[in-house]
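Take a look at the structure below.
Both backbone and side-chain heavy atoms feed into the values below; hydrogens, waters and symmetry mates do not. All ligand and atom numbering here is 1-based and tracks the order in the structure. None of the values given here were measured: they were computed from a predicted structure.
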Amino acid sequence: MPYDFTTPVDRTGTCSLKWMVEPGELPVWVADMDFETAPAISEALQKRVSHHIFGYTRPNPAWYAAYQHWWADRYGWRIEKETMLFATGIMPALHSAVRRFTQPGEKVVIMTPVYHCFFESVEENGRVVSECPLVFDGSHYSLDMRVLEEKLRDPLASAMILCNPHNPTGQIWTKDELAEIGRLAKAYGVTVLCDEIHCDLVDPGFVYTPFASVDDTCAEVSVIFISPSKTFNVPGLHTSAVVIADPQKRGRMARALHADQIGSPGALTVEATIAAYEEGEDWVEELRRVLLANKNRVADFCEENIPGIRVTKMPATYLVWINCSELTDDTAALVKHLRKTEGLIISAGGDFRGNGAPFLRFNAATQPCRIEDALKRLKRGVESWRRGVRA
Ligand SMILES: Cc1ncc(COP(=O)(O)O)c(C=O)c1O
């Protein structure tokens, strides 16, 4: 069935975080797609809404089964029903987990550059970020296991946040890398808080490995966060699952979710999740092809038309990581310039810490005409920046 990933959808007036912009501005920052969700989800929601009663809600057996089917069929990971907990989104659950699995003042190891909200989950809860910087060789990122071991060996390190696959660098961790992370975490008594929200959105031909599926050690040391929100563009429904094999950790997390009052679904989320995972596969497969074409278009355009900036081509996420190190060692001012002069709202790499400062992050999950518009604005903005204009 063909789906429409081409016709622009007007999102103004829908309280969209991304689209609350000044007239003429074009946002390509937050990881929120400009595509309508899978038709099966909209239909399930419409059916649910037509009931007209929106009472307190609990996950039903079909909610558990939907997650189980998706991960078993696509990734060969068998999730036991009793290991699953509902949470109203990955970030609320991650904040809760940081509070429950670490003590104030302790360190949480994070590979950087990474999704900036991870830092908030640590620092706003009175813990300390311990950065394990990824190594960038000019075109690829890699993880230095010796540095990671050094960070995990620190007696103050009690947890690690792993982004699998990794936002914003677009890396898919290999099974061997994940196994080594699990082994080190167990050796040093560190809990791995593993965020797999971007797992489905990898380029066609690539597949991610669920951390807990690697071996018993990875399962034992981990708390896994999964959700349909990125894959199906439903982050505003606030829904996710936390999967924890170890019964003690699971009991603690269940108490944490309850104490923080984030363990019960809103009235619309259960049906949406079931429709996504039971009926959304064709839509996701087409989406993955569209996203790859969009990412390639951004990379090709930059290479052909914007001297001094280069795309780091990586297989995961729809976020394009653009190396601007020939222009600047920190894109914060360039980002302001692009918004002021061209109305282009794009993320500064420094937000993601580590060696991210010379990068821009471009969200390519939008219609081709908007991609073209954004690229023209980027080109013009970089040209005026090069001429010394500063907004
Ligand atoms: C790695 C990562 N984790 C979590 C989130 C947000 O998750 P949620 O909306 O379920 O809190 C995002 C959103 O961009 C993300 O990139």
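- Below 4.0 Å from some heavy atom of Met91 lie the following atoms of ligand 1, by number and element: 4 (C), 6 (C), 8 (P), 11 (O).
- Remark: Glu285 engages Arg74 in a salt bridge, criterion side-chain N to carboxylate O under 4.0 Å.
- Phe352 does not carry Arg361 over the face of its six-membered ring by the limits of under 6.0 Å from the centre and within 45° of the normal.
- When hydrogens are left out, the protein atom nearest atom 7 (O) of ligand 1 is Ile197 CD1, 3.3 Å; that is the closest non-hydrogen contact.
- For the 3.5 Å distance criterion, the side chains of Glu278 and His69 qualify, holding a donor opposite an acceptor.
- With respect to atom 13 (C) of ligand 1, the closest heavy atom belonging to the protein is Lys230 NZ, 2.8 Å.
- Geometrically, ligand 1 and Asn167 share a nitrogen or oxygen pair separated by less than 3.5 Å.
- Side-chain contact of Glu149 with Tyr188: a donor-acceptor pair under 3.5 Å is present, judged by distance alone.
- Not a single heavy atom of Ser240 lies less than 4.0 angstrom from ligand 1.
- When each atom of ligand 1 is checked for a heavy atom of Cys163 under 4.0 Å away, the hits are 1 (C).
- What sits closest to atom 6 (C) of ligand 1 on the protein, heavy atoms only, is Tyr115 OH, 3.5 Å.
- A salt bridge links Lys18 with Asp34: the closest approach of a Lys/Arg side-chain nitrogen to an acidic carboxylate oxygen falls below 4.0 angstrom.
- Side chains of Asp10 and Thr12: a donor on one and an acceptor on the other come within 3.5 Å.
- Under the 4.0 Å criterion applied to side-chain N and carboxylate O atoms, Arg297 and Glu372 are assigned as salt-bridge partners.
- Side-chain atoms of Ser325 and Asn323 form a donor-acceptor pair, as typed in the model, at a separation below 3.5 Å.
- Counting protein heavy atoms only, atom 4 (C) of ligand 1 is closest to Asp195 OD2, 3.3 Å.
- For atom 10 (O) of ligand 1, the nearest protein heavy atom (residue, atom name, distance) is Ile90 N, 2.8 Å.
- Atom numbering of ligand 1 starts at 1 in the shown order; those under 4.0 Å from a heavy atom of Ala31 are 14 (O).
- Near Pro92, meaning under 4.0 Å from one of its heavy atoms, ligand 1 places the atoms 11 (O).
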